[in-house]
Visitor: 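Pasting a structure below so you can have a look.
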Amino acid sequence: MSTELESTRRALREAISQAEHAAELARLLDAAQARLAEAERSAEEARALAARLEETEERLTKEREAGERLRKEVAEQRYQTEVAQWKLSSMKVARWNRIGDALKSGKSNPVRLAKGLKGAARAVKRPAAPKRRPIPIASADDRPSFQAVSSTRTVDGASFRLKPFRIPTGPNTRPHLTAAVIADPHAEALLRYEWRQTTGFTPRDFARVLPLEMPHLLVVESVTEGPWASEIVGTPGDGLRALLAWCAERGIRTVFWHTASSAHGGSIADYSAAAELFDHRFTVESASGWPQLPFGIQPRVHNPLPLPGGRIDRVLTLEQLLPEELSYPDQLTSYRWPAAVSVPPGTPQWRAAEIAACGTSIGPEPDSRRAHAALRRAYAGGTMTEHVDALLEAIGLPSHRATLDISVMQVLPSADLAEPALAQIAKQAGVVQLVLFAPAEIEARAREALPGVDVIFRPLDPALSTGAMLDRGLDLCEADLVAVMDPRDVYGKHYLSDLTRAFQFTTADIVGKAAYYAHLRAAQATLLKQPEAEYSYVPEINGATLLARRGPLRELGIADLTEGWDEVLMRQCRTDGVRVFSADRFGYVRVRDEDRWLLGAAQLVEYGSAEPHALI
């Protein structure tokens, strides 16, 4: 009896346990069904939101198109209004109209009539006709702000205020080429001036954004942040696949550029699966098996243009110069800030090159000569323009862009000056043409000394001034840039290449030297003129250092003077609004027996040769 009772109890306990378990299962099932129903409602809401978002994006696209049409219509109406005003002004100053006014106002007053007719007979300059101004194209490149914003730096507890470096918006090296680019701020800064660049599109909106300005190629960097980072690391995302399929349908070449390293985001293996989907692959590394596309100096942002207010008189460590929180545009400000930077071993080569390209001394103390030599080496290591040339050639796109070839003009008043003058021209880089006015016996020697240069020779004409001969020489020049070199002066072998560099980061039409060294033989004195004028837009430069764009210089012309033709030219530049830029102080020495004006306008460096100071 007791055994049966115990069995019954166990059976009851098991039945109760199973019932409790069944009740828990039922509760969990009810909860799961409730969550499923909630998920279905959420999915339905998400679909509705997606439909509304798509509808909103379509409306936004239509509104943008309408806004673009409206901008064009307003610009056209403004232009037509200016044309009407110009026609009215031209009519008012026309001679027949002024004669009619004189007849009308003086019909009852002979004296007034005579004065009016006399005034009407005088020629009056008509107003200039208005010109159509290009309407800027609104593209995705306008979305992200790429300007320095941080104006405060802190070093050893001391706070410094500085004006941020203003990053230029252009011009572009290849305005005929459009690239869609996915890149971090550093790579974007290197590429944004090489073509018309569209950025800021996402996996959701690229199909709407990119047709606004159809690209010729797509460049995707191994980004570490932003909406595309998860698409290219590891297994390629659906958004990346859709973007590449969209490009393939339209014949748009696709390029993957690996720039991240294991210390800064990921190794090449992390991106290899995504990279295989692209037409072409490049990497900054040299031992990966992919073609190499290293970082290069971008002259538009890596240049010695100073900050407003100049540098502080301090030598900073790299950590003080570039705190981690600085954005890349703000780093471009910091590059220009200190007197010198102490760069530790192991610093990436591209970082040191960017600092040097901004004219900042690298080392324990400021040294302008060492800084200039480092700047020159940074540019010689390759600009981004040169690297993009190689990229475009590799993927089969034309890399047409303006060159900076040079025609040199020189007037040789004496055969005694020929040998040193021709030797100085022969060692310059970028010279494709020499227009030479010299005694007849110099012609054969000039052609022999410059075998790879097109020598245009004209016999020296004693009846013509130096300015008149140079002005005639302008019509013979064919290169993009025109240089004037004085045979009396000393030019280092890097003189023209240093000057030419300024055309890559300024908007000047004329470049030269307002800051330069001079040597007076009679006193054996070396002088330095206007050192504060380095790397700045100035009212005038020394005519013997002139390097100008050929078109603007031909429009200006050169005055018929032997002495002072450059002063007249500079006055004309100021009148016409032609920008003149003074580059560095190095690479040139003005040599005269004596010059009282220089003695009063320059500071004495030492008694002795100027070449150790000027030539690097």
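The first residue in the sequence is number 1, and the count goes up from there.
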Visitor: Once you round to the nearest 0.5 Å, how far does CG of L569 lie from CG of L470?
Guide: 10.5 Å

Visitor: Looking at R550 and E478, does any basic side-chain N land under 4.0 Å from a carboxylate oxygen?
Guide: no

Visitor: Can you check whether F165's main-chain N or O pairs, donor with acceptor, with T333's side chain at less than 3.5 Å?
Guide: yes

Visitor: Above 12 or not: heavy atoms from other molecules or residues under 6.0 Å from CD of E393?
Guide: no

Visitor: Okay, side chain of D330, backbone of S150: is any donor-acceptor separation there less than 3.5 Å?
Guide: yes

Visitor: Would one find more than 12 heavy atoms of other residues, nucleotides or ligands at under 6.0 Å from atom NZ of K163?
Guide: no

Visitor: Okay, side chain of R585, backbone of Y517: is any donor-acceptor separation there less than 3.5 Å?
Guide: no

Visitor: Step by step, would you call L615 with V490 a side-chain contact (heavy atoms from CB on, under 4.5 Å)?
Guide: CA-CA 9 Å; L615 305 187; V490 175; 4.1 Å; yes

Visitor: For D486, is there an ion pair with R592 - N to carboxylate O distance below 4.0 angstrom?
Guide: yes

Visitor: In terms of ring plane angle, is the pair Y271 and F256 parallel, tilted or perpendicular, where the classes change at 30° and 60°?
Guide: tilted

Visitor: Could you list the donor-acceptor pairs under 3.5 angstrom formed by side chains in residues 337-349, with sequence neighbours left out?
Guide:
from, atom 1, to, atom 2, distance (Å)
T347, OG1, P344, O, 2.7

Visitor: Mind checking whether I182 and L243 have side chains closer than 4.5 Å, heavy atoms only?
Guide: yes

Visitor: Return yes if some donor-acceptor pair links the side-chain N/O of D489 with the main-chain N/O of V591 below 3.5 Å, else return no.
Guide: yes

Visitor: List the atom of Q147, the atom of I167, and the distance in Å for their closest heavy-atom pair.
Guide: NE2-O, 2.6 Å

Visitor: Can you check whether D509 reaches R579 side chain to side chain, under 4.5 Å on heavy atoms?
Guide: no

Visitor: Quick check: closest heavy atoms across V255 and F282, and the distance to 0.1 Å?
Guide: CG1-CD1, 3.6 Å

Visitor: Between R192 and N172, what is the shortest heavy-atom contact and its length?
Guide: O-OD1, 3.5 Å

Visitor: May I ask you to check whether over 12 heavy atoms, not counting those of E325, lie within 6.0 Å of atom CD?
Guide: yes

Visitor: Heavy-atom distance under 4.5 Å between the side chains of V388 and T173, does that happen here?
Guide: no

Visitor: Kindly say whether A479 contributes a backbone atom to a donor-acceptor pair with the side chain of S407 at under 3.5 angstrom?
Guide: yes

Visitor: Would you say the side chain of P299 lies within less than 4.5 Å of the side chain of Y193, judging by non-hydrogen atoms?
Guide: no

Visitor: Step by step, would you call S399 with R174 a side-chain hydrogen bond (donor to acceptor under 3.5 Å, both in side chains)?
Guide: CA-CA 8 Å; S399 180; R174 304 169 187 83; 3.2 Å; yes

Visitor: Applying the side-chain contact (heavy atoms from CB on, under 4.5 Å) criterion to K513, which one of L546, D498, D584 satisfies it?
Guide: D584

Visitor: Taking all atoms of both residues into account, what is the closest heavy-atom pair of A548 and I510, and its distance?
Guide: CB-CG1, 3.7 Å

Visitor: Over all heavy atoms of both residues, which pair between L326 and Q331 is shortest? Give the atoms and the distance, please.
Guide: O-NE2, 3.4 Å

Visitor: For the residue pair R314 and Q320, establish whether any side-chain heavy-atom pair is separated by less than 4.5 Å.
Guide: no

Visitor: Side chains of L553 and L474: does their closest heavy-atom pair fall under 4.5 Å?
Guide: yes

Visitor: Determine whether a donor-acceptor pair (N or O, by modelled atom type, separation under 3.5 Å) exists between the side chain of S582 and the backbone of A533.
Guide: yes

Visitor: What's the separation between atom CD in Q428 and atom CE in M485, rounded to the nearest 0.5 Å?
Guide: 4.5 Å

Visitor: Do you know the tightest heavy-atom contact between L556 and D576?
Guide: CD2-OD2, 3.6 Å

Visitor: May I ask you to decide if the ring planes of W228 and F201 are parallel, tilted or perpendicular, using 30° and 60° as cut-offs?
Guide: perpendicular

Visitor: Please confirm whether the backbone N or O of A158 pairs with a side-chain atom of R153, one donor and one acceptor, at under 3.5 Å?
Guide: no

Visitor: Is a side-chain N or O of R281 found less than 3.5 angstrom from the main chain of P291, in a donor-acceptor match?
Guide: no

Visitor: Measure the acute angle between the ring planes of Y516 and Y588, then classify it against the limits of 30° and 60° as parallel, tilted or perpendicular.
Guide: perpendicular

Visitor: Just do the side-chain contact (heavy atoms from CB on, under 4.5 Å) check on T526 and E611 with the steps written out, would you?
Guide: CA-CA 9 Å; T526 290; E611 294 186 14; over 6 Å; no

Visitor: With side chains defined as the heavy atoms from C-beta onward, is the minimum distance between F503 and D480 less than 4.5 Å?
Guide: no

Visitor: I'd like to check the salt bridge (charged side-chain N to carboxylate O under 4.0 Å, His left out) partners of R571; sequence neighbours left out, ordered by chain and number.
Guide: none

Visitor: What's the spacing between L547 CG and R501 CZ if we round to 0.5 Å?
Guide: 12.5 Å

Visitor: side-chain hydrogen bond (donor to acceptor under 3.5 Å, both in side chains) for E354 and Q298? Distances and angles first, verdict last.
Guide: CA-CA 9 Å; E354 289 184 358; Q298 176 49 261; over 6 Å; no

Visitor: If you define the side chain from C-beta out and look only at heavy atoms, does anything of E540 sit under 4.5 Å from V580?
Guide: no

Visitor: Kindly indicate, with the supporting measurements, whether the criterion side-chain contact (heavy atoms from CB on, under 4.5 Å) is fulfilled by Y328 and D184.
Guide: CA-CA 9 Å; Y328 190 73; D184 285 333; over 6 Å; no

Visitor: To the nearest 0.5 Å, tell me how far L499 CG sits from I406 CD1.
Guide: 8.0 Å

Visitor: In sequence, state the C-alpha distance, the side-chain angles, and the governing distance for R376 and S497, and then conclude on side-chain hydrogen bond (donor to acceptor under 3.5 Å, both in side chains).
Guide: CA-CA 9 Å; R376 185 186 292 153; S497 59; 5.6 Å; no

Visitor: CH2 of W257 to CG of L391: how many Å apart, nearest 0.5 Å?
Guide: 9.0 Å

Visitor: OH of Y535 to CZ of F505: how many Å apart, nearest 0.5 Å?
Guide: 6.5 Å

Visitor: Using 30° and 60° as the class limits, which term best fits the ring planes of F295 and W350: parallel, tilted or perpendicular?
Guide: perpendicular

Visitor: In sequence, state the C-alpha distance, the side-chain angles, and the governing distance for V408 and L496, and then conclude on side-chain contact (heavy atoms from CB on, under 4.5 Å).
Guide: CA-CA 10 Å; V408 173; L496 280 180; 4.1 Å; yes

Visitor: Please answer whether the main-chain N or O of A421 pairs with a side-chain N or O of Q424 as donor and acceptor at a distance below 3.5 Å.
Guide: no

Visitor: Could you check whether any side-chain N or O of Q292 sits under 3.5 Å from a backbone N or O of V284, counting only pairs where one atom can act as donor and the other as acceptor?
Guide: yes

